[in-house]
Amino acid sequence: MEKQNSQKNLQKTDPEIFHWIQQESQRQKEGLELIASENYTSPAVCETQGSLLTNKYAEGYPGKRYYGGCKYIDECENLAIERLKKLFKANFANVQPHSGSQANMAVFLAELKVGDKIMGLDLSHGGHLTHGSPVNFSGFLFESVFYRLNLKNQRLDFNQIEDQVKKEKPKLIIAGYSAYPREIDFKSFREISDRHGVLFLTDIAHIAGLIAGEVHSSPVPYADYITSTTHKTLRGPRGGIILCNEPAKAKKINSKIFPGIQGGPLEHVIAGKAVAFGEALRPSFKKYAKQIIKNAKTLEQIFHKENLQMVTGGTDNHLLLLDLSDRDVTGKTAEAMLEKAGLTVNKNTVPGEKLSPFVTSGIRLGTPALTTRGMKEQEMEQIALWIAQVIKNIENEALISKIRKDVQELCSQFPLYQG
Ligand code: DSN
């Protein structure tokens, strides 16, 4: 990757923050990032986010702003919108949501009244906080009910989902997950939605890059609304987006984002989104998306050989969930010891979880960031072996220190940002 800005001004005016940025840079460079929802943006995206576009207020939408001086900002936002529509073959795009959470909130408020019923996947089965968790706005503003995975094969079960829809009669159903390692059949969700008069939202935050790279099927022809973050497999700046196909729905979304739930859009981030969407439109992004899956499949193969249990037995996408409930190690301990070895993962509940979400029986691993770093099957084999060694020797500090050194050596062969 190219050279990043040297941050000389920051070093002079705020040495403390400069210092912590340096420490974090070092951590990112010397460690193996396996958190499934993280990635490394390009230096071009970083530069755009660090630009003086951050100085501009631009409430409203291109051509219809509440402040003067927006003509160049409008060009940037229009580019983001047009590139995003092209990338996902959607008729309408809103690029202003500050996050995936706000994208989901805008859809709920566009279509529902407070107290209406929504249905998402149970959080402990791989769902997301904003899909109805009682501790989140989605759960305390709306009545939330959940569908669950079939515990026999740990996969979505459309008969069970349809039974739950019939019983609960939600106004809106959500597909799209934080910890589901299999491809989603969006058409079946559409069919259930049509049969029962339910609105269908897909939240593709995790798999947006796989859809843009055409290695997973797209929900755009099926869903009423599509929300996403931009910083996971899509590899853009941290933020959210909303897509839809019908003009009436687009109108509702635009007014719910602004003035409904947000004020001034983050135009430096929106320009960064435009840069990332431009990158994702290039043929090299398709190769990247393919490699993400090849790398995840390689982890799966080694974990099978090492007799490590995986939720659903493996993966079709960028993530894997190791189920450690048959071992004497919790997700919390595995996360901590892997971090000591230089491998960053997160503890995660598994379907039918018996431990608290602060402890858990599983860990979630993903390949988007390491794939960006240029790592392929050969490196994944080694990384999977290190993970297996740590889990099987969780108290062996000497082994963990040795792996830490080997991890640093591997990282030095795949430099993250130059300079
Ligand atoms: N925090 C994200 C994840 O890790 O999946 C979801 O918002």
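Residue numbers count from 1 along this sequence. Whatever order the structure lists ligands and atoms in, that order sets their numbers, starting from 1. The structure presented is a predicted model; accordingly, all values stated were derived computationally and were not measured.
A salt bridge between Glu335 and Lys332 is absent, with no side-chain N of the basic residue lying under 4.0 Å from a carboxylate O of the acidic one. Ion pairing between Arg373 and Glu379 fails under the 4.0 Å rule for side-chain N and carboxylate O.
In terms of the ring pair (Phe, Tyr, Trp, His ring centres under 6.0 Å) criterion, Phe88 has no residue partners (sequence neighbours excluded). Listed by chain and residue number, Tyr180 satisfy the ring pair (Phe, Tyr, Trp, His ring centres under 6.0 Å) test with Tyr177 (two or more places apart in sequence, or in another chain).
Around ligand 1 you find Ser37, His128, Ser178, His206, Lys232, Arg364, each with a heavy-atom distance below 4.0 Å.
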Please tabulate, one pair per line, all N/O donor-acceptor pairs under 3.5 Å involving side-chain atoms of residues 134-142, not counting sequence neighbours.
unit_1 : atom_1 : unit_2 : atom_2 : d
Asn136 : OD1    : Ser138 : N      : 2.9
Asn136 : OD1    : Ser138 : OG     : 2.6
Ser138 : OG     : Leu129 : O      : 3.1
Ser138 : OG     : Thr130 : O      : 3.3
Ser138 : OG     : Gly132 : N      : 2.9

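The environment of CD in Glu38 is crowded: more than 12 heavy-atom neighbours from other residues, nucleotides or ligands sit within 6.0 Å.
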